[in-house]
Amino acid sequence: MSNQRTLSIIKPNAVKKNKIGLIIALLEEAKLKVVEVKMITLSVEKAESFYSEHKGKPFFNELIAFMTSGPLVIMALEGEDAINTNRKIMGATNPAEALEGTIRAKYGDGMTENAVHGSDGLESASRELKFFFG
Ligand code: CMP
């Protein structure tokens with residue numbers, strides 16, 4: 001597997017709970033390197049654009065309200081097989097189903113408030129990194 005970059009977002013519930021450092025520690029322990037980082041609060045317009053593939057789904061409005069409810073930490077992560085490594089350490093989308101020790105199992109509060117977002121493939125990683133870091 002080659003060196004890759006992927007996008008990671010620490011969501012508002014985890015930021016509110018003071019878990020930024022603990023989440024980054026898990027990512028770094030998984031050999032992912034934080035190569036870019038910024039803290040921002042998303043506008044509704046930008047959140048809708050980022051999650052446009054989910055528009056029309058039953059959870060879309062709740063997701064947008066949540067993702068614009070407070071600051072986020074946006075990171076570009078780099079490493080060997082970074083996209084899959086990040087997905088593994090994040091755990092399943094639903095924290096109730098996430099394996100013990102994963103970020104979502106530790107810090108997720110529900111399907112929407114699941115602590116982190118990570119790109120799910122090469123194409124989305126490229127699009128999402130461009131979306132936030134140009
Ligand atoms: P995320 O990785 O940010 O991508 C889309 C988000 O939608 C997902 O994590 C969840 O937080 C949220 N979501 C809420 N309900 C669902 C659902 N039923 N299926 C998938 N994602 C959901």
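Atoms within a ligand are numbered from 1 in the order they appear, just like the ligands themselves.
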> What residues, two or more places apart in sequence or in another chain, satisfy side chain to side chain contact (heavy atoms under 4.5 Å, CB included) together with I40?
Replying inline: K38, L42, I74, F132
> Listed by chain and number, what are the ring-ring contact (aromatic ring centres under 6.0 Å, His included) partners of F133, not counting sequence neighbours?
Replying inline: none
> So which pairs with a foot in residues 90-119 pass ring pair (Phe, Tyr, Trp, His ring centres under 6.0 Å), sequence neighbours left out?
Replying inline: F50-H117, Y51-H117
>> Could you tell me if S124 and D120 have a donor-acceptor pair between their side chains, going purely by distance under 3.5 Å?
In response: yes
> Between K17, K16, K11, which is the residue that forms a salt bridge (charged side-chain N to carboxylate O under 4.0 Å, His left out) with D109?
Replying inline: K17
> Can R127 and E53 be counted as an ion pair, charged N to O under 4.0 angstrom?
Replying inline: yes
>> Residues around ligand 1, heavy atom under 4.0 Å from any ligand atom, sorted by chain and number. Can you pull those?
In response: K11, Y51, H54, F59, L63, T93, R104, M111, T112, N114, H117
